[in-house]
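Written out below as structure tokens is the structure these notes cover.
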Amino acid sequence: MEASKRYGVDVKPDAVVRHLSVGECQRVEILKALYRNASVLIMDEPTAVLVPQEVDVLFESLERLRKEGLSVIFISHKLNEVMTICDRITVLRDGKKIGTVNKQDTSERELARMMVGRETFGVSRDESAECSSIPVLSLENVSALDKKGLIALKDVSLQVCEGEILGIAGVSGNGQSELGRVLAGILKPTLGKIILGDQDITDYDPIQYTQAGVGRIPEDRHSGLVEELSVAENLALEHLGDFTKNGMLDKKRIREQAEQLIQEFQIKAKPTDRCRTLSGGNLQKVILARVISRQPRLMIASQPTRGWT
């Protein structure tokens, strides 16, 4: 608790780590690094699973430690954070150093150009666009317990319509993870109903959710992959039946699908590469490709941009 207060990183000292959310686990890792009074601190994507308020607290701690003489190597995809906390910035692309610049001599746009090798293009959306009023998913007074048997969701009702993106916001550890698991069929609600179109899917298991047309991008990308298997095998993992004939896997078709998706989603890997050798961003692309290629009726995306610029 003393180290937590000193560095402004909030943790629950009595909690069992396996009961913590991904964001809370990240705070524990950061605190472990800070309290050892190291002279050089290497932080690899430390904010990937933190909400903006937690990032602000972390940066305040780093600035205080910098003034006390700590040197920090801050590795991140997030350009706004790099421009906020760093003095000098080195850009890598395809394993090669592209250049090192002083913060005051560059901009986010220029850093993005250095990172991807071309001018980037933003996405804009017409705010006047109207979505269909036909509900695809409805939650009716859903309640659920967390891993410790405590109430995580209480009387939650919501609807998602055709052509609509519904955002769920909140500080880490306030029910978002449990809601995602409920919507994926992994966690059964204690009360309430889940309706997909005209189907009551409340008691469906994860396989039945997939068959009903629900795609899932998990909060922790590592939980959505078998990292000892190849990229091709992971891309086929949730629908192996489509690649099976007479009880045998059609490895040629699995590889062909992988080659197509690798090109379409710009995954920097070969079909035969084991997923454990991929970067975080490319692991996320594998999951995204697997989900979108199935053209789901509804997609549940928990923190889908982690590891991406």
Could you list the donor-acceptor pairs under 3.5 angstrom formed by side chains in residues 269-280, with sequence neighbours left out?
from : atom 1 : to   : atom 2 : distance (Å)
K270 : NZ     : D273 : OD1    : 3.3
D273 : OD2    : K270 : N      : 2.8
R274 : NH1    : E228 : O      : 2.4
R276 : NE     : E228 : OE1    : 3.3
R276 : NE     : E228 : OE2    : 3.0
T277 : OG1    : R274 : O      : 2.7
S279 : OG     : N282 : N      : 3.4
S279 : OG     : N282 : ND2    : 2.9

Contacts table for residues 93-101: side-chain donor-acceptor under 3.5 angstrom, sequence neighbours left out:
from : atom 1 : to   : atom 2 : distance (Å)
R93  : NH1    : M114 : O      : 2.4
D94  : OD1    : K268 : NZ     : 3.0
K97  : NZ     : T100 : OG1    : 3.4
T100 : OG1    : T90  : OG1    : 2.7

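The salt bridge (charged side-chain N to carboxylate O under 4.0 Å, His left out) contacts involving residues 179-193 comprise nothing, where partners must be two or more places apart or lie in separate chains. Within the structure, ring-ring contact (aromatic ring centres under 6.0 Å, His included) pairs that include any residue of residues 226-246 comprise H239-F243 (at least two apart or interchain). Pairs passing the salt bridge (charged side-chain N to carboxylate O under 4.0 Å, His left out) check and including a residue from residues 133-161, sequence neighbours excluded, do not occur. Residue pairs meeting the ring-ring contact (aromatic ring centres under 6.0 Å, His included) criterion with at least one partner in residues 188-235, sequence neighbours excluded, are absent. Counting only residues at least two apart or in different chains, salt bridge (charged side-chain N to carboxylate O under 4.0 Å, His left out) contacts with residues 199-213 are absent. Residue pairs meeting the ring-ring contact (aromatic ring centres under 6.0 Å, His included) criterion with at least one member in residues 274-294: none, sequence neighbours excluded.
With rounding to the nearest 0.5 angstrom, the CD1 atom of I254 is 4.5 Å from the CG atom of L249. Here the straight-line distance linking atom CD1 of I186 with atom CZ of R216 works out to 6.0 Å at 0.5 Å rounding. Considering CG of L79 and CZ of R109, their distance stands at 12.0 Å, rounded to 0.5 Å. Atom CD1 of I168 is separated from atom OG of S302 by 9.5 Å, given to the nearest 0.5 angstrom. Expressed to the nearest 0.5 Å, how far CD of E238 lies from CD1 of I287 amounts to 9.0 Å. Here CG of L153 is found 9.5 Å from CD of Q176. Values are rounded to the nearest 0.5 Å.
With a 6.0 Å radius and a threshold of 12 heavy atoms from other residues, nucleotides or ligands, M299 has its CE atom at or below the threshold. For CD of E68, the number of neighbouring non-hydrogen atoms (other residues, nucleotides, ligands) closer than 6.0 Å is greater than 12. Heavy atoms of other residues, nucleotides or ligands lying less than 6.0 angstrom from CD1 of I207 number 12 at most.
Using a distance-only test at 3.5 Å, with no hydrogens or angles considered, no donor-acceptor pair links the side chain of S138 to the main chain of Q159. Under a 3.5 Å cut-off, the side chain of R221 and the backbone N or O of V286 do not form any donor-acceptor pair. Here the side chain of R290 pairs a donor or acceptor atom with the backbone of N234 at under 3.5 angstrom. Judged by distance alone, the side chain of T190 and the main-chain N or O of S143 form a donor-acceptor pair under 3.5 Å.
Residues M83 and L111 have side chains in contact (heavy-atom distance under 4.5 Å, counting atoms from C-beta outward). In this structure, L261 and E264 have side chains that are in contact, with non-hydrogen atoms separated by less than 4.5 Å.
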Verify side-chain contact (heavy atoms from CB on, under 4.5 Å) between K285 and I267, making sure each step is shown before the conclusion.
CA-CA 6 Å; K285 286 182 182 180; I267 302 169; 3.7 Å; yes

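Under the 4.5 Å side-chain heavy-atom criterion for grouping Ile, Leu, Val, Met, Phe, Trp and Tyr, V160 is connected to V214 within one hydrophobic cluster.
Salt-bridge annotation for K32 and E29: present, with a side-chain N of the basic residue lying under 4.0 Å from a carboxylate O of the acidic one.
For the side-chain hydrogen bond (donor to acceptor under 3.5 Å, both in side chains) test, no residue two or more places apart in sequence or in another chain qualifies with Q104. Scanning for side-chain hydrogen bond (donor to acceptor under 3.5 Å, both in side chains) contacts around S230 gives E233, with sequence neighbours left out. A search for side-chain hydrogen bond (donor to acceptor under 3.5 Å, both in side chains) contacts involving D56 returns nothing, not counting sequence neighbours. Scored by the side-chain contact (heavy atoms from CB on, under 4.5 Å) test, N80 finds K78, E108 as partners (sequence neighbours excluded).
Each of R253, R294, Q257 was evaluated against D242; a single residue qualifies, R294, per the side chain to side chain donor-acceptor pair (under 3.5 Å) test.
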